[in-house]
Amino acid sequence: MSPHDYFRAFRRRWLVILVCTVVAAGIMWLVTPANATSTPRPTSYTATATLLVGADDTENGPGVSMGRVALYLTTGEIPKLAAQQLGYTGDPAVLASGLTVTPDLTALAMKISATASDGDRAAAVANAFAKSTVKFFEKPRPGAENVNVSILQVATPIANKSGGGFVVPPGRGIRTLLAGALGLLVGLALALLIDRLDSRLRNRDEIHDALRMPIIAEIPKMSRSQRSRGAIVAEDPLSVYADGYRAARTALVHTASRQIPGEYTPRRSAASRATNDARLILVTSAFPGEGKSTSAANLAASFAETGLTVLVLDADLRSPDAHNHFDVPQGGGISDFITDHGDTPLSTLIRPTSIPGVRIITAGTRLANPASLASRMGVLLDEARDLADVILVDSAPLLAASDVFDVLPMVDTVLLIVRSGRLTETSANRVAELLGRFQVPVSGAVIVGAKVKRRKDGYGYGYGYGYGDSKKNKKRTRKVTANVAENFPVEPDILTDGAPSGDGRARRPA
C-alpha cells in the first residue's frame, strides 16, 4: 500500500480510530486515582533474622560446623516445626525452598532471609525458622552435639527497590495521555484491518476500475424524504441533485455507448440523432435498494424538460415500485399485455403521470410468474419504440434476478445505477463480466449517494442552485436593492422588498 492508500483508509475509518482512542483514555482516567502518590509501590518485601551459633565450652569437643547447621535449618525437622508455627498445610520442603540461608564463618552467625509480596508474611516465615532452629538445637544433634543457637535479631520486613526499567507515571493526566496514544495505535491498526476486509466501493475511481465503464454522473446523498418525494428534477429543478441527473441525461444523449470491454469515445453526431440512436434505455443496478427506480423517474423528468416525450416501463416484475414515484396507482400493465397479447392493445395501458411529458406503463396485475413474463417482452418493447421519443425500462437488478437477461439483447443501451458504499469489488467484476458476455452497449454508471463537497466560493457543488435562498445571496440582494433605492429614487409603490411591482417599469422622478 502506498502512503496515499494508508491515508485514505485512515480517513475512511476515522470513527474507529476516534472510538479506540477515547475508550482507552476514558478507561485509564476512571481506574487511576485522582491523588495518586508519586512514590512507587513496592512489589515485594524481604525479612532477615540473624542467629548466633556457638559451641559448648568443652576441652575436646569438635568445633562448630556452620554447613551442618545450615543443612539442618533447611531440611528435616526444622521446616516441619516452622510449618506448624505458621499453620502451613503444604509440604515443609516447599516452604523451606523459599529461604535464603547465609552463614558468616568469621562472626559465627547465620542469616535467614524470606521474600514475599506481603511484608508481614516474609517476617513471619523468617522468624518461624529462626525460633524452630533454636528449639531444634536445644538437644544434641548428630555432627553438632556441642552447638548452641540463639536469636540475635528478629526479622523485620524491608521493601525491595525496583530493578529499573519503564515505570508507568502515577499521575492521572499522564496515564490518560499514554492510554490515549496506545488506543490511537490500536485504532490505526484496526482501521487498516477493517479496510482490508471491507471491499465495498465508495469513490469514483474504485467504482470505475471495478466496473470497467465510464462514470457519467454523481448524485449527492439524498435524505429519505427527498427520495420518497418522487422526481426531484421536477419538484426542485434548481437543486444539485437535479443537475446530477441532467448530467446523466446529457451523457446518454451526446456520448456513444460501448460494449465491455472497449474504448469510450465521444459521439460527434447531432443531439437529436444521438437520442434516436439510443431511444430504448435500460436502467438497472446490481442489487435492490441502490436507487434504480428513483433514478429512472428523475431521468424521465430530465428528458421531458427538454421537450421530448418519455415513456417509463416498470419492468421490475418482482418488486414493481416505479409507479410510486409518479403518483400513479398500480393497475393493468406489462404483465397483462404479455398474458393477453391479442386482447389488450399496448396504447390503452399507457397512463399519464404527475410530470408533463412523462407517461408510464405499470407492471400490471398478473405477476405470478415474473421470470416467464420477462422472457416474452420482445413484442412489447418493439411496439413501445413508436409510442415516445425516449423509453426508459426500469428492470430488475442484475445480480438479484435472471429476468433482466432476457431484456438485455433488446435494448439500445444500458445505464447502471450504483449506490456508493453498497457494491463490492467482487460484485462489480461480476456485473462487468455479465454485461461483457451479453455484448450489449453500455452508456456508463451513475453513482448515487456520492460524497460531494460544497465549495464556499459558490462554484461546483452549489453553484446556481437555489439562488436567493442562501444567506450570502440574500445579503447580496439586499445590498444591491439598497444601492438602487439610494441612487435611483422611485415612487413608493414601485419598489417593494427589492422587487419591482405593477408593470415592472420604474418611473423617473419629476
Side-chain angles (χ1 to χ4, degrees), residues 31-33 36-171 175:
V31 301
T32 304
T37 177
S38 59
T39 303
R41 184 178 179 180
T43 58
S44 63
Y45 295 84
T46 298
T48 302
T50 304
L51 303 178
L52 290 179
V53 181
D56 292 337
D57 190 14
T58 57
E59 295 181 358
N60 298 321
V64 177
S65 176
M66 299 296 290
R68 182 66 60 87
V69 174
L71 179 64
Y72 278 123
L73 198 151
T74 55
T75 58
E77 190 68 22
I78 294 178
K80 294 180 181 180
L81 295 174
Q84 291 177 0
Q85 292 184 25
L86 296 171
Y88 182 76
T89 58
D91 189 352
V94 175
L95 183 64
S97 64
L99 293 178
T100 300
V101 179
T102 307
D104 188 346
L105 301 179
T106 303
L108 294 179
M110 188 80 63
K111 293 183 177 181
I112 306 172
S113 301
T115 302
S117 58
D118 184 6
D120 295 337
R121 174 66 178 176
V125 171
N127 290 326
F129 273 88
K131 294 177 181 179
S132 298
T133 302
V134 172
K135 183 177 181 179
F136 178 78
F137 283 104
E138 289 178 352
K139 297 179 181 180
R141 303 296 178 182
E145 291 83 355
N146 60 343
V147 173
N148 59 77
V149 181
S150 61
I151 298 177
L152 177 64
Q153 184 178 0
V154 297
T156 301
I158 300 175
N160 295 325
K161 294 182 179 181
S162 176
F166 178 76
V167 178
V168 179
R175 288 194 174 191

Per-pair distances, 0.1 Å, donor-acceptor, side chain in residues 67-74, under 3.5 Å, sequence neighbours excluded:
unit_1 : atom_1 : unit_2 : atom_2 : d
R68    : NH1    : P142   : O      : 3.2
Y72    : OH     : P142   : O      : 2.7
T74    : OG1    : A70    : O      : 3.3

Pairwise ring pair (Phe, Tyr, Trp, His ring centres under 6.0 Å) hits with a residue in residues 76-114, at least two apart =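 The answer is none; no pair qualifies.
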ask   = If we only count heavy atoms from C-beta on, is the R141 to V147 side-chain gap below 4.5 Å?
value =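 R141 does not reach V147 side chain to side chain.
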inquiry  = For a 4.5 angstrom cut-off between non-hydrogen side-chain atoms, does F129 reach L95?
reply    =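 They are in side-chain contact.
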Inter-residue atom distance [X].[atom1] - [Y].[atom2], 0.5 Å rounding:
X: L51; Y: L152; atom1: CG; atom2: CG; value: 8.5 Å
X: I158; Y: Y45; atom1: CD1; atom2: OH; value: 11.5 Å
X: E138; Y: T133; atom1: CD; atom2: OG1; value: 11.5 Å

inquiry  = I need the minimum non-hydrogen distance between A49 and A126, along with the two atoms involved.
reply    =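 Where A49 meets A126 most closely, the heavy atoms are CB-O, 4.0 Å.
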The criterion is side chain to side chain contact (heavy atoms under 4.5 Å, CB included); which residues satisfy it with [X], sequence neighbours excluded?
X: K80; result: E77, P92
X: Q85; result: A128, K131, S132
X: A93; result: D91
X: S150; result: L52

Please list every donor-acceptor pair under 3.5 Å in which a side-chain atom of residues 101-122 meets a protein atom from a residue at least two apart or in another chain.
unit_1 : atom_1 : unit_2 : atom_2 : d
D104   : OD1    : T106   : N      : 3.3
D104   : OD1    : A107   : N      : 3.4
S113   : OG     : T48    : OG1    : 2.8
T115   : OG1    : T46    : OG1    : 3.2
D118   : OD1    : D120   : N      : 3.4

